[in-house]
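Written out below as structure tokens is the structure these notes cover.
Throughout, a chain's letter reflects where its sequence line sits, starting with A, and its residues are numbered from 1.
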Amino acid sequence: MNANSLIILDFETTGLSPDNGDRAIEIGAVKLENGVVTDRFQELMYPGRPVSHFIADYTGITNVMLSKAAPCHEVMGRFSDFIQGQNLVAHNASFDKRFLDSELKRISSGYDGQFACSLLLSRRLYQTAPNHKLGTLTNYKGIASNGSFHRALYDSEMTAKLWVAMLDDIKQQTGIDEVPFSLIQKLTKTTKANVGKLLANYR
DNA sequence: TGCCAGGCCCTCTTTAGGGCCTT
């Protein structure tokens, strides 16, 4: 596993639950190496069924756009190659993990990285934020936004910027130069009340 | 036609319920 890089990803989908037949319609991801975006992945994919008005409104992704896209199995095959050997991050990772697992299972593929969740980390670090939606958090951290939320690549780019800001805050509070993935996992699992103590004792 | 999830996290909790996040 590459310790100095990770993949930040975001799915747009036909709905909330792959167990109910929902499918991915777009995948966006950036590779973050030492805090810098060094690679990108973005593709629409045809899910084999029309998307609802709600999803078209929510994402801006229409059935006409999807009718010209490659089918899910082709896109996910390419994305599987993109993420091999990398740890993974998503905002509310439990959602994206369900769709990643579901779509890769359909093509008998998988991945070897571990997931971290920027939503869970932000709840630990930014306990006074108005809420922990991606758009609110980027605004809260003064991160400039100049694109459309609810598109996969844009959301993954914004999650990457939030991620870098959170790592910078951890570095500042601990004095360490690099934040190991294991510390992220530890922070994500501890109680909110213990975050300050964990960071203060981590040197 | 109508309806659909799941993990986290708090609290008036743990023999439970409801809000927050993601599409």
Side-chain angles (χ1 to χ4, degrees), chain A residues 6-30 41-66 69 72 75-76 79 83 88-106 114-141 143 145 147-163 165-166 184-198:
Chain A
L6 45 77
I7 301 288
I8 296 178
L9 63 92
D10 183 65
F11 278 104
E12 304 306 318
T13 69
T14 63
L16 290 173
S17 174
D19 290 341
N20 275 357
D22 284 318
R23 299 295 304 270
I25 59 173
E26 186 181 43
I27 179 66
V30 300
F41 189 104
Q42 187 274 320
E43 283 197 59
L44 291 170
M45 59 189 110
Y46 179 66
R49 53 181 263 192
V51 296
S52 65
H53 290 299
F54 173 80
I55 292 298
D57 285 345
Y58 187 77
T59 64
I61 298 169
T62 64
N63 286 307
V64 171
M65 291 162 69
L66 292 174
C72 292
V75 175
M76 291 308 299
F79 189 64
I83 64 175
L88 307 169
V89 169
H91 199 68
N92 199 10
S94 71
F95 173 84
D96 292 281
K97 182 177 187 299
R98 279 200 301 280
F99 278 94
L100 181 65
D101 290 352
S102 169
E103 293 294 344
L104 289 183
K105 189 177 176 187
R106 287 171 177 269
Q114 291 187 321
F115 256 102
C117 178
S118 57
L119 169 64
L120 296 184
L121 185 59
S122 74
R123 280 181 177 159
R124 303 300 188 287
L125 295 181
Y126 306 138
Q127 298 184 20
T128 60
N131 61 56
H132 297 83
K133 294 176 185 175
L134 180 59
T136 302
L137 289 166
T138 53
N139 188 50
Y140 180 73
K141 292 303 292 177
I143 295 166
S145 70
S148 299
F149 282 104
H150 307 307
R151 285 301 298 268
L153 181 59
Y154 186 76
D155 280 4
S156 60
E157 301 259 18
M158 297 307 279
T159 303
K161 289 180 180 179
L162 173 65
W163 189 255
M166 291 196 289
I184 300 291
Q185 303 283 42
K186 217 176 275 183
L187 279 168
T188 301
K189 284 171 188 158
T190 196
T191 63
K192 288 183 185 178
N194 278 334
V195 170
K197 193 163 64 179
L198 200 159

Rounding to an integer number of Å, can you tell me how far [X] [atom1] sits from [N] [atom2]?
X	N	atom1	atom2	result
A:N194	B:dC9	CG	P	13 Å
A:I27	B:dT22	CD1	C1'	13 Å
A:E26	B:dT23	CD	C1'	12 Å
A:L121	B:dC8	CG	P	15 Å
A:L16	B:dC3	CG	P	16 Å
A:R151	B:dT22	CZ	P	17 Å
A:F115	B:dC21	CZ	P	20 Å
A:I61	B:dT23	CD1	P	10 Å

With rounding to the nearest 0.5 angstrom, report the [atom1] to [atom2] distance, [X] to [Y].
X	Y	atom1	atom2	answer
A:I27	A:M76	CD1	CE	6.0 Å
A:I61	A:E12	CD1	CD	5.0 Å
A:L137	A:S122	CG	OG	4.5 Å

At 4.0 Å (heavy atoms only), tell me whether [X] reaches a base, stays on the sugar-phosphate, or touches nothing.
X	value
A:I25	nothing
A:R124	sugar-phosphate
A:D10	sugar-phosphate
A:D19	sugar-phosphate
A:F99	nothing
A:T191	nothing
A:D57	nothing

Among the candidates [options], find the nucleotide nearest to the side-chain atoms of [X].
X	options	answer
A:S94	B:dT23, B:dG6, B:dT22	B:dG6
A:N131	B:dC9, B:dC21, B:dA5	B:dC21
A:K133	B:dT23, B:dG6, B:dT22	B:dT22
A:R123	B:dT23, B:dG6, B:dC20	B:dC20
A:S17	B:dT23, B:dA5, B:dC9	B:dA5

Task: Single hit among A:D10, A:L153, A:V30, A:I143 for side-chain contact (heavy atoms from CB on, under 4.5 Å) with A:M158 - done: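 Among the candidates, only A:I143 passes.
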
Open item on the list: Given A:D155, which partner from the list A:L134, A:I8, A:T59, A:T138 fulfils the side-chain contact (heavy atoms from CB on, under 4.5 Å) test?
Closed with: A:L134

Considering only the [atom1] atoms, how many Å lie between [N] and [M], rounded to the nearest integer?
N	M	atom1	answer
B:dT23	B:dA5	C1'	11 Å
B:dT13	B:dC9	C1'	12 Å
B:dC21	B:dG2	P	31 Å
B:dC4	B:dC8	P	23 Å
B:dG19	B:dC12	C1'	15 Å

Task: Shortest non-hydrogen contact between A:A93 and A:C117, atoms and distance - done: N-SG, 3.3 Å

Open item on the list: Is there a side-chain contact between A:H132 and the phosphate of B:dC21, meaning an N or O under 4.0 Å from OP1 or OP2?
Closed with: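 Indeed, a polar side-chain atom of A:H132 lies that close.
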
Open item on the list: B:dC21, OP1 or OP2 - any side-chain N/O from A:H91 closer than 4.0 Å?
Closed with: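 Checking B:dC21 against A:H91, no side-chain N or O comes under 4.0 Å of OP1 or OP2.
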
Task: Nearest-nucleotide 5' precedence on DNA chain B, A:R98 against A:G135 - done: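 Of the two residues, A:R98 wins.
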
Task: Step-by-step side-chain hydrogen bond (donor to acceptor under 3.5 Å, both in side chains) determination, A:T13 to A:D22 - done: CA-CA 7 Å; A:T13 69; A:D22 284 318; over 6 Å; no

